[in-house]
Protein chains: 2
Amino acid sequence: MSSPTHSKKETPINPFVRVREDHATELAEDYLELIEDLIEQSGEARAVDIAAAMGVRQVTVTKAIGRLKRDGLVTAAPYRSIFLTDQGKQIAKRARARHHTVLGFLVALGVDPEVAEIDAEGIEHHLSPPTFIAMQKFIEQQPAVA
Amino acid sequence: MSSPTHSKKETPINPFVRVREDHATELAEDYLELIEDLIEQSGEARAVDIAAAMGVRQVTVTKAIGRLKRDGLVTAAPYRSIFLTDQGKQIAKRARARHHTVLGFLVALGVDPEVAEIDAEGIEHHLSPPTFIAMQKFIEQQPAVA
DNA sequence: TCCAATTTGTAGCCTAGGCAAACTTTGATG
DNA sequence: CATCAAAGTTTGCCTAGGCTACAAATTGGA
Ligand SMILES: [Mn+2]
Ligand SMILES: [Mn+2]
Ligand SMILES: [Mn+2]
Ligand SMILES: [Mn+2]
């Protein structure tokens, strides 16, 4: 047969549909990356610290963690800190690499690092592979900053 | 007095808070731009066309238009087409200019125009003024494509 | 040890933004 | 000018992701 019935996920042609899909996975990616950062930095990820970093209330974190648990991305026991599953770690790793690249790209473009950090947090979820690759190439082609 | 009590809107320092704010205004911007496009192209903006363009059902458009009406950005009477208020037109104009710049930037970066169109639809809502200006400068500095 | 501050959980509320199903209005056409 | 298909509305439902208020558990310090 030509053209397999199911490839991977049918990339939508409609830009607005794509944006909605991007947003559906956004919060998970940001949470997972943050949880890994907290474990790295302070030894564990507590809801209170996640809440402070995300700028939301703890109860909002609790509900989000519940969804991540449901989706098999974290493990969490009551009154205990939060851990990533293998799948969660994979997503966190990719999210971090992507974030790093977008940040580097914006800085290479001449944007102040503080502003770049803020904008990267939103932009990073809306990049097709070709756009991401173009950003990587741009960074490489940049002459090292003096 | 030094530092006025209220400036304009207190730009948040927390990237995640900024992203949430960006998303809160996103749908309005995209709808308004689209409505103006439809009026330009076909003489009027009908819910059925908005729905097709956005990739949602008509009832979803109806509800969204209700929010835009509530916020003073459109006028709409039952079973009639939709019009922008002056405020709605302003937002649409800015959104279109911004969209155009982001698209041009991605193409200048070497991204295929079709892909650029898709990615621009998400990226455009997450740009600080300095990043936007950096994109404009990059476009200008680009040698004209042969 | 114990107790009070911190942290987490629970209950209940809200808005945005999606959907399907059924009903109503409009307007083109015979 | 009656009909009927297309368009729009209404109703009711859902999930995500916010919030407050209050209850319960944990834990470090006296
Ligand atoms: Mn992000
Ligand atoms: Mn976004
Ligand atoms: Mn958009
Ligand atoms: Mn747009």
Side-chain angles (χ1 to χ4, degrees), chain A residues 12 14-32 34-35 38-39 42-83 91 121-122 125, chain B residues 12 14-32 34-35 38-39 42-83 91 121-122 125:
Chain A
N14 185 315
F16 300 107
V17 174
R18 234 289 299 277
V19 169
R20 287 199 299 274
E21 291 185 3
D22 293 341
H23 288 166
T25 56
E26 170 162 0
L27 205 68
E29 292 165 355
D30 289 338
Y31 265 78
L32 295 172
L34 174 59
I35 288 167
L38 289 171
I39 291 173
S42 67
E44 61 179 353
R46 314 282 330 194
V48 61
D49 299 315
I50 297 172
M54 297 292 301
V56 296
R57 299 295 182 175
Q58 271 126 302
V59 62
T60 299
V61 171
T62 299
K63 282 187 42 169
I65 296 300
R67 290 192 297 272
L68 295 177
K69 254 178 92 169
R70 180 200 62 192
D71 298 340
L73 303 177
V74 305
T75 59
Y79 298 100
R80 289 284 169 275
S81 63
I82 296 141
F83 301 92
I91 294 173
E121 200 57 74
H125 307 279
Chain B
N14 185 315
F16 300 106
V17 174
R18 233 290 298 277
V19 169
R20 288 199 298 274
E21 291 185 3
D22 293 342
H23 288 167
T25 57
E26 169 161 0
L27 205 67
E29 292 165 354
D30 288 337
Y31 264 77
L32 295 172
L34 173 59
I35 288 166
L38 289 171
I39 291 172
S42 66
E44 61 178 354
R46 313 282 328 194
V48 63
D49 299 314
I50 297 171
M54 296 292 301
V56 297
R57 299 294 181 175
Q58 270 129 296
V59 61
T60 299
V61 172
T62 300
K63 282 187 39 169
I65 296 300
R67 290 191 297 272
L68 295 177
K69 254 178 90 168
R70 179 200 63 192
D71 297 341
L73 303 177
V74 305
T75 59
Y79 300 99
R80 288 283 169 278
S81 63
I82 296 139
F83 302 91
I91 294 173
E121 201 56 75
H125 307 280

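For clarity, every value in this text was computed on a predicted model and none was experimentally measured. Labels below follow one simple rule: chain letters A, B, ... track the order of the sequence lines, proteins then strands, and each chain is numbered from 1.
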Worksheet, complete the sentence: Atom CG of A/Asp71 and atom P of D/dT15 are separated, to the nearest Å, by 13 Å
Item to complete: Would you sort out whether A/His23 and B/His23 count as a side chain to side chain contact (heavy atoms under 4.5 Å, CB included), showing the intermediate values?
Response: CA-CA 9 Å; A/His23 288 166; B/His23 288 167; 2.9 Å; yes
Practice prompt. In whole angstrom, give the distance that lies between atom NE2 of A/His23 and atom P of C/dA16.
Written response: 17 Å
Worksheet item: Atom NZ of B/Lys69 to atom P of C/dA16: distance rounded to whole Å?
Response: 16 Å
Practice prompt. Can you figure out which of C/dT7, D/dA7, C/dG18 approaches the side chain of A/Val48 most closely?
Written response: C/dT7
Worksheet item: What is the distance from atom CD of B/Glu21 to atom NE2 of B/His125, rounded to the nearest 0.5 Å?
Response: 15.0 Å
Practice prompt. Kindly compute the distance separating CD1 (A/Ile39) from CG (A/Asp49), expressed to the nearest 0.5 Å.
Written response: 11.5 Å
Fill in: Given D/dG18, C/dG18, D/dT26, the nucleotide with the shortest approach to the side chain of A/Tyr79
D/dT26
Worksheet item: Do A/Arg20 side-chain atoms and B/Gly55 backbone N/O form a donor-acceptor pair below 3.5 Å?
Response: yes
Worksheet item: With respect to the phosphate group of D/dG17, does any side-chain polar atom (N or O) of A/Arg67 fall under 4.0 Å of OP1 or OP2?
Response: yes
Item to complete: Starting from P on D/dG8, measure out to CD1 on B/Ile50 and report it in whole angstrom.
Response: 9 Å
Worksheet item: Where each residue is assigned the nucleotide of DNA chain D containing its nearest heavy atom, which of A/Gln58 and A/Arg80 is assigned the position nearer the 5′ end?
Response: A/Gln58
Practice prompt. Respond yes when some side-chain nitrogen or oxygen of B/Arg70 is under 4.0 Å from OP1 or OP2 of C/dA16, and no when none is.
Written response: yes
Worksheet entry | Straight-line distance of B/Ile82 CD1 to B/Lys69 NZ, nearest 0.5 Å | 9.5 Å
Worksheet item: Is there a side-chain polar atom (N or O) of A/Arg57 under 4.0 Å from OP1 or OP2 of D/dT20?
Response: yes
Practice prompt. Report the distance from atom CZ of A/Phe16 to atom P of C/dG17, rounded to the nearest whole Å.
Written response: 14 Å
Practice prompt. Starting at atom CD of A/Glu44, determine the distance to atom P of D/dT26, rounded to an integer number of angstrom.
Written response: 14 Å
Worksheet item: Which nucleotide in the list C/dG18, C/dT8, D/dA7 gets nearest to the side chain of B/Leu27?
Response: C/dG18
Worksheet item: Looking for any heavy atom pair under 4.0 Å, which part of the strands does A/Val59 touch: base, sugar-phosphate only, or nothing?
Response: base
Worksheet, complete the sentence: In whole angstroms, the gap separating P of D/dA7 from CD1 of B/Ile65 amounts to 16 Å
Practice prompt. Between A/Thr62 and A/Arg20, name the one whose nearest nucleotide on DNA chain C is closer to the 5' end.
Written response: A/Thr62
Worksheet item: Separation of B/Asp22 atom CG from D/dG18 atom P, in whole Å?
Response: 13 Å
